[in-house]
2 protein chains.
Amino acid sequence: MRRDVFQAIADPVRRDIIDLLSQQPHTVNEVVEQFDISRPAISNHLKILRECGLVKMATIGRERHCVIIPKELRRVSDWAQCYQRLWEDKLDSFERYLSELKLKHKNP
Amino acid sequence: MRRDVFQAIADPVRRDIIDLLSQQPHTVNEVVEQFDISRPAISNHLKILRECGLVKMATIGRERHCVIIPKELRRVSDWAQCYQRLWEDKLDSFERYLSELKLKHKNP
DNA sequence: TATTTGTGTAATCGAACGATTACATATAAT
DNA sequence: ATTATATGTAATCGTTCGATTACACAAATA
């Protein structure tokens, strides 16, 4: 069972849950109300988010309040950020590489 | 068949391929050499990366050169970045929320 | 105490995933 | 023309995913 942030954010429902919780904490049922899928399905999504450290639960009475934990989100940001130089490279490196290649191919 | 960046980067092998190609373009077999899995497996990973716009191929003769396309990587970066305020919030919002909750619960 | 409420878990099911082997095809080299 | 090389595709297989229904249980409420 792979359980890391990248796998967690692969699912669009989970990204929507992250978005919801980023605004403010919600109880499990409050989360459920925002979606068209069953409570067990949401419960499982929350479990996955919890297992990879994106969400923590605070149990008060019979309610469980879900709070987002930003640390792992930052890992994603950092991962993508480190390719920043690629999109900041103004020249289209694909086209450049392609013409270089074709040149080499004709005059090897 | 879901096919978007987030699903694409969920797989660790694909993230490694992205990393490899971010350094410089490689032919398919050059990519294969870097991994312990079969060529068809890599071929499929490259197909997925291509289908979600992370990679383009330049066919020269019988070789296919894989080049990374940064645009979609930027989408990931932007997605995560927009939660930046969460981790820049110095106070631990989880602990804060928790104590507020418990207070409310005792004095409702 | 009996009932309602909030939530988690188990069983189940079809679809998607990730890998492999075997085969197909086009280009390059001999 | 034949052979070797670079690559894609099809068939197959076990695993994981994401959803549902049915059940379990503890806390709040009546």
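Per chain, numbering begins at 1; letters A, B, ... match sequence-line order.
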**Request:** Could you tell me the separation between the CD1 atom of A:I37 and the C1' atom of C:dC13, rounded to a whole number of Å?
**Result:** 16 Å

**Request:** Verify the contact: side-chain N or O of A:H45 to OP1 or OP2 of D:dC17, cut-off strictly under 4.0 Å; return yes or no.
**Result:** no

**Message:** Distance check needed: C:dT7 P versus A:K47 NZ, whole Å only.
**Reply:** 17 Å

**Non-neighbouring partners of A:Q84 that pass side chain to side chain donor-acceptor pair (under 3.5 Å), sequence neighbours left out** = A:Q81, A:E88

**Euclidean distance, atom CD1 of residue A:I60 to atom C1' of C:dG6 [Å, nearest integer]** = 14 Å

**Asked** Who passes side chain to side chain donor-acceptor pair (under 3.5 Å) against A:R75, sequence neighbours left out?
**Response** A:E72

**Prompt:** By side chain to side chain donor-acceptor pair (under 3.5 Å), which residues pair with B:R39, not counting sequence neighbours?
**Reply:** none

**Message:** Working to the nearest 0.5 angstrom, can you tell me the gap between B:Q7 CD and B:I48 CD1?
**Reply:** 6.0 Å

**Request:** Apply salt bridge (charged side-chain N to carboxylate O under 4.0 Å, His left out) to A:R15 and list each qualifying residue two or more places apart in sequence or on a separate chain.
**Result:** none

**Prompt:** Base, backbone or nothing for each nucleotide of nucleotides 2-8 of chain D, written B, S, -, heavy atoms under 4.0 angstrom, 5' to 3'?
**Reply:** --BBSBB

**Message:** Would you say A:Q7 places a side-chain N or O within less than 4.0 Å of OP1 or OP2 belonging to D:dC17?
**Reply:** yes

**Message:** Could you check whether any side-chain heavy atom of B:D89 comes within less than 4.5 Å of a side-chain heavy atom of B:R96, counting everything from C-beta outward?
**Reply:** yes

**Complete:** To the nearest angstrom, the CG-P distance between A:L49 and C:dG8 comes to 12 Å

**Asked** What's the NE2-P distance between A:H26 and C:dG6, to the nearest Å?
**Response** 16 Å

**Asked** Nearest 0.5 Å, what's the CD-CZ distance between B:E33 and B:F35?
**Response** 11.5 Å

**Protein-nucleotide distance (A:D36, atom CG; D:dG18, atom C1'), rounded to Å** = 15 Å

**Asked** Reading DNA chain C 5' to 3', how would its secondary structure be written in dot-bracket notation, given Watson-Crick and G-U pairs with both distances under 3.5 Å, brackets [ ] for crossing pairs and | for partners on other strands?
**Response** ||||||||||||||||||||||||||||||

**Asked** Per the side chain to side chain contact (heavy atoms under 4.5 Å, CB included) rule, which among B:V5, B:I18, B:D78 passes with B:L73?
**Response** B:I18

**Prompt:** Shortest non-hydrogen contact from A:I9 to A:V76?
**Reply:** CD1-CG1, 3.9 Å

**Asked** Taking OP1 and OP2 of D:dT20, is either one under 4.0 Å from a side-chain nitrogen or oxygen of A:S38?
**Response** yes

**Prompt:** How many Å lie between CD1 on B:I48 and C1' on D:dT9, as a whole number?
**Reply:** 14 Å

**Request:** Round to a whole Å and report the spacing from CD1 of B:I9 to P of C:dG18.
**Result:** 13 Å

